[in-house]
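Indexing begins at 1, ligand by ligand and atom by atom, following the structure's order.
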Amino acid sequence: MKTNPNLENVKVLLTEEQIQKRVGELAQALDSDYQDKEVVALCVLKGSVVFFVDIIRAMKTPVRCEFLGVASYGDEKQSSGEVKLTHDVKFPLSGKHVIVFEDIIDSGRTLNYLLNLLKAREPASLKVCSLLFKPNSLKKKVRPDYCGFEIGNEFVVGYGLDHAGWYRDLPYVGVLK
Ligand code: IMP
Ligand code: MG
């Protein structure tokens, strides 16, 4: 049985060009703030992978790449409310300048969980760079320090974001109808 998603159900919200331009701007902002610092770039699996590989290559600052896995969503469009750590960072973060790269901040539960986990490892600094932010969905008192785009409450896919594992490979972000 064919299970491929129907791309006609995806209405473009942010084009590839808009995203790439914004990624370049965020990379410049990070470069100017992190000059001469020892930076650990933390990719939150899986949704942030596409954003992560683009932004670390757009940055001129050398970064050490580390990966952390969390799961909160299951296959539903609603958060389960429960955050699970599926892969931890092995590299010691103590004394390092850590930048967490997120695909999207929705309720803020994932980020809140991650920040508590990471703060306990005593990094020299801890900041968050999120491609997307849904300020009206927020349930926790967290905000990205660097934000690509603020969007409404709609469920979006593409550029790393999935629904039931699909759509991550789209170069744009779209609303799932
Ligand atoms: P939060 O914990 O509610 O802030 O949700 C964070 C995670 O839920 C993100 O890292 C995404 O993986 C997922 N998520 C939230 N909103 C969306 C969406 O609109 N599309 C796809 N995934 C989403
Ligand atoms: Mg997800």
Check: Phe155 ring centre within less than 6.0 Å of His163 ring centre: yes
Under-4.0 Å heavy-atom contact with ligand 1, by part of Thr110 that carries it: both
Proximal atoms of ligand 1 relative to Glu102 (non-hydrogen, under 4.0 Å): 10 (O)
Any N or O of Leu161 closer than 3.5 Å to N or O of ligand 1: no
Charged N-O contact under 4.0 Å between Lys21 and Glu17: no
Ser107 neighbourhood, listing ligand 1 atoms whose heavy-atom distance to it stays under 4.0 Å: 1 (P), 2 (O), 3 (O), 4 (O)
Element-labelled atoms of ligand 1 that are located less than 4.0 Å from some non-hydrogen atom of Asp162: 21 (C)
Sub-4.0 Å heavy-atom approach of Val156 to ligand 1: yes
Contact check, Lys134 vs ligand 1, heavy-atom distance below 4.0 Å: yes
Under-4.0 Å salt bridge between Arg121 and Asp88: yes
Hphob cluster co-occupancy, Val53 + Leu131, side-chain heavy atoms under 4.5 angstrom: no
Cluster check Leu114, Phe91: I/L/V/M/F/W/Y, side chain < 4.5 angstrom: yes
Ring centroid separation Tyr167 to Tyr159 under 6.0 Å: no
Where ligand 1 meets Arg109 - atom numbers and elements under 4.0 angstrom, heavy-atom basis: 2 (O), 4 (O)
Shortest heavy-atom approach to atom 23 (C) of ligand 1 - which of Val44, Ile104, Ile105, Leu111: Ile104
Ligand 1-proximal atoms of Lys139, by part, heavy-atom distance under 4.0 Å: neither
Pair Glu66 + Arg64, salt bridge at N-O below 4.0 Å: yes
